[in-house]
Amino acid sequence: MALYSRVSGSVGMITLQNPPVNALSAAVRQGIVDMMHRALSEPEVKSVVICGQNGKFCGGADIREFGAKMTGPPLVPMVHLIEAASKPVVAAIEGIALGGGLELALSCHYRIAHSKARLGFPEVALGLLPGAGGTQRLPRLIGVPAALDLITTGRHVTAAEARQLGIVDEVTDLNAVDAAVKFAQSVTGKSLDARRISTYPCPRPPDLDAIFERAMQQVRRSARGAIAPGTCVQAVHAAVTLPYAKGMERERELFSLLFTSGQARALQYYFFAQRAVSRWSTANGARWDTSKPRPVRKAAVIGLGTMGRGITVSLAQAGFSVVAVETQEKQLSEAKQAVSGMLERGAKRRGVPLAHDKIKYSCSVQAVADVDLVIEAVFEDMALKKTVFQQLSAICKPGVLLCTNTSGLDIDELASQTQSPELVVGMHFFAPAHVMQLLEVVYGPRSSPEVVATAMQMGKKMGKVSVAVGNCRGFVGNRMLKPYLEQAFFLLEEGATPEQVDQVLEEFGFAMGVFKVSDLSGLDVGWKVRKADGLVSPASTGTSARIRGGSRYSPLGDLLCERGRFGQKTGRGWYQYDKPGGRVAKPDPWLHGFLEEYRAQHGLVARHIDHQEVLERCLYALINEGFQILQDGIAAGPEDIDVIYVLGYGWPRHRGGPMFYAGQVGLDKVVERLEHYQQIHPDVPGLQPCSLLRKLAASGNPAIHKWREVIQKPRSQL
Ligand SMILES: CCCCCCCCCCCCC[C@H](O)CC(=O)SCCNC(=O)CCNC(=O)[C@H](O)C(C)(C)COP(=O)(O)OP(=O)(O)OC[C@H]1O[C@@H](n2cnc3c(N)ncnc32)[C@H](O)[C@@H]1OP(=O)(O)O
């Protein structure tokens, strides 16, 4: 709702009240309309100030209302009422003016912002465009190129940049509401003719066509199948080519198109999913709201390879004191140089002070004796990690959290090397660790709730989205990757090429197909894991070379590694590159010949494989594993899996995540297609729908937020 008060006798003040971000719900819109009418009808009131409760102007339309039938006064007539007012209306912008919140501010005649406020049109990230006049008013106010930039990227600008662009009239370090009241008094009685943005002509730079062409190319490059960015460009184009009223009609038309698209639903689901994962729970019944994190001031990182360096940078940038340990002098000094470079680049990019002095480097593991938390990031080898955990358990002060950055090894086995297994938890960072936003916090059966809470909070402090997951081989992300990769390998055996599979996945929206990713991260990574698992046997022909543990297995990746083809770093992998370390993947005739030879050796006959089969086998096998993970209680809900896949594995955000996508396809359809492929390829593992997937499909495809009701939860043991 909105509160009305009178300040200094002549200023009517409308305060938006809808915690936590004063979103424009039906009640708030109704309140604004009613209070505007009241302010305009009171003869003593000469001007109006609109502000938001609790230091936040407005976070935009209430996204939660998008799923339901619209009630209350619509936004567009509301902003027209404000702009048309006969008394000056001043927006007092504190905290945020985003989306519909900024549209509200642009309908006011003046805007005063606090210096710490952020303004922007983030609608594009929700699969929408600014639909209450934003696409028509902003270019009229700040010009087409700047408006295109803000609307297509959704980036927030500071008050200072907003002032520079001409979005706000004044910036203050003091109380913005008081400043707005003073300002409102100072403009009382002045003509408002030049203050109604909708009446401005839209500037037409001479190279207008080139500007729009460039903007379209830019969004096509970055959008990867998302439709909102291009539609935003079209809406701004209408501001230049059409009179305001017609431009508004076009904006509405384009908004409706996006609003009813599956992409907007997926992106809005994802918005809430990313926030929901912070309300974590574990299979044992521990929860975010009953577990208190422990204080951590000083942390240590053991092992300064690529991951350890990134983790050190993340910790230092988040303000933690860090002890960085690498046992060899030479590696330590190389790591120190690399970390310094990363910190310098980060400080320059973010405009923050350098955090060099936060880090102490040491060759001795004894240096961690007084820290509050240790993150082990040594080579992915269980024996080595066990030794490190035994050492840490002996050296560290009592009560220290011992965390491992393993990407899939057994947390409980490591915990059992220590005197306090309840203090052990996984913190699985993604490379590059100082850039990637995702952190899997892996709890073992003995990890205490406070330890999970501490790791979750540490992740947040480092600017990561932390997702709590249970302990199993590969946790959530890498466990689901296995069936996805397997299907891709099988498709090569059956007649596909790496470029065909990748093209299908890239058209779906992945930045890179599975084989390009494999070349980038190094084929040897998976090879080492498979060797440790005893899966790699000497190359041989015949069916047995393609069977492991009674199931079909593709040794293709192993065979490439045996030939020294590790991907980009060796200049050869699933593709060829112009040199070792080259980045541009080109189809490799050698690889095609190798595949033909391989098929002939193993009695496989290549067949035509279409787009649908590639997509369904790769994605549905991955999704099926996701349901198995839910069934096993490794992830608490589908949101956890979706956030992990979007932030850690390049799943296109506008498709919501694998679990959301499955719901959109229809769970019964996913089951039916898996069964279809299973019938045709009975030897291919991963195609048998798991029982939770079948159960949900049989219960009539419930909406994703209802899945948790079907997933059985074990009783709390804590
Ligand atoms: C045929 C069909 C035709 C249909 C025609 C319909 C006509 C309708 C015309 C409508 C025109 C609309 C026009 C408008 O342009 C559209 C919009 O305004 S869309 C919304 C734009 N705003 C945003 O995208 C802001 C999103 N929020 C944020 O970025 C951040 O939350 C924040 C505001 C920067 C704050 O960040 P933090 O401090 O980190 O806090 P959190 O992110 O954790 O958020 C706290 C809490 O608030 C909830 N929340 C945030 N914003 C909104 C919102 N806009 N609506 C509802 N709820 C919001 C958030 O979910 C958190 O709660 P939790 O999920 O944790 O419970």
Side-chain angles (χ1 to χ4, degrees), residues 16 18-29 32 52-80 93-107 116-138 147 150-151 153-158 228 231-232 235-236 248-262 264-265 267-280 288-289 437 460-461 463-466 637 639 643 653 705:
L16 276 49
N18 184 16
V21 299
N22 297 321
L24 294 162
S25 63
V28 172
R29 297 194 306 272
I32 295 174
Q53 193 189 34
N54 291 336
K56 286 179 186 148
F57 181 70
C58 177
D62 195 327
I63 310 166
R64 285 182 204 279
E65 286 187 352
F66 284 169
K69 195 172 167 287
M70 284 277 178
T71 56
L75 261 180
V76 171
M78 184 193 92
V79 296
H80 283 149
I93 303 173
E94 296 177 298
I96 45 167
L98 298 174
L102 183 53
E103 289 173 306
L104 166 65
L106 292 181
S107 73
K116 295 240 163 72
R118 286 179 298 147
L119 299 86
F121 280 130
E123 284 89 340
V124 68
L126 298 170
L128 298 173
L129 52 77
T135 65
Q136 304 305 297
R137 283 198 177 82
L138 193 65
L150 258 59
I151 293 172
T153 63
R155 76 182 177 91
H156 298 181
V157 296
T158 60
T231 314
C232 286
V236 175
M248 285 299 289
E249 278 175 28
R250 181 75 178 134
E251 182 190 87
R252 184 180 167 81
E253 199 178 289
L254 293 169
F255 184 88
S256 305
L257 186 106
L258 292 178
F259 192 79
T260 50
S261 76
R265 270 197 298 280
L267 285 160
Q268 287 153 30
Y269 156 80
Y270 183 79
F271 174 85
F272 290 115
Q274 194 169 306
R275 282 147 183 89
V277 297
S278 63
R279 295 185 281 273
W280 56 273
W288 64 282
D289 50 354
Q437 250 194 304
K460 193 169 180 196
K461 286 189 175 163
K464 314 266 176 226
V465 177
S466 315
E639 297 86 357
V643 169
R653 195 178 292 229
H705 62 272

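Both counts, for ligands and for their atoms, begin at 1 and track the order of listing. Numbers here simply count residues along the sequence, with the first being 1.
Taking a 4.0 Å cut-off on heavy atoms, Pro20 registers as neighbouring ligand 1. At least one heavy atom of Phe271 sits closer than 4.0 Å to an atom of ligand 1. Residue contact check for ligand 1: Arg279 places a non-hydrogen atom closer than 4.0 Å to it.
What sits closest to atom 34 (C) of ligand 1 on the protein, heavy atoms only, is Leu98 CD1, 3.8 Å. When hydrogens are left out, the protein atom nearest atom 9 (C) of ligand 1 is Phe255 CE2, 3.9 Å; that is the closest non-hydrogen contact.
Under a 3.5 Å cut-off, the side chain of Glu251 and the backbone N or O of Gly133 do form a donor-acceptor pair.
Taking any N or O of Arg118, backbone or side chain, none lies under 3.5 Å from an N or O belonging to ligand 1. Residue-to-ligand polar distances place Arg275 within reach of ligand 1: an N/O pair is separated by less than 3.5 Å. For Glu103, a nitrogen or oxygen atom sits less than 3.5 Å from a nitrogen or oxygen atom of ligand 1, counting backbone and side chain alike. Any N or O atom pair closer than 3.5 Å counts here, and Arg252 shares no such pair with ligand 1.
Two residues are said to be in side-chain contact when any heavy atoms from C-beta on lie closer than 4.5 Å; Tyr270 and Leu126 fail this criterion. Residues Asn22 and Phe57 are not in side-chain contact: their nearest non-hydrogen atoms beyond the backbone lie 4.5 Å or more apart.
Taking a distance limit of 4.0 Å, we find that atom 55 (N) of ligand 1 is approached by some protein heavy atom.
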query = Could you go step by step and tell me if Arg252 and Glu249 meet the salt bridge (Lys or Arg N to Asp or Glu O under 4.0 Å) rule?
reply = CA-CA 5 Å; Arg252 184 180 167 81; Glu249 278 175 28; over 6 Å; no
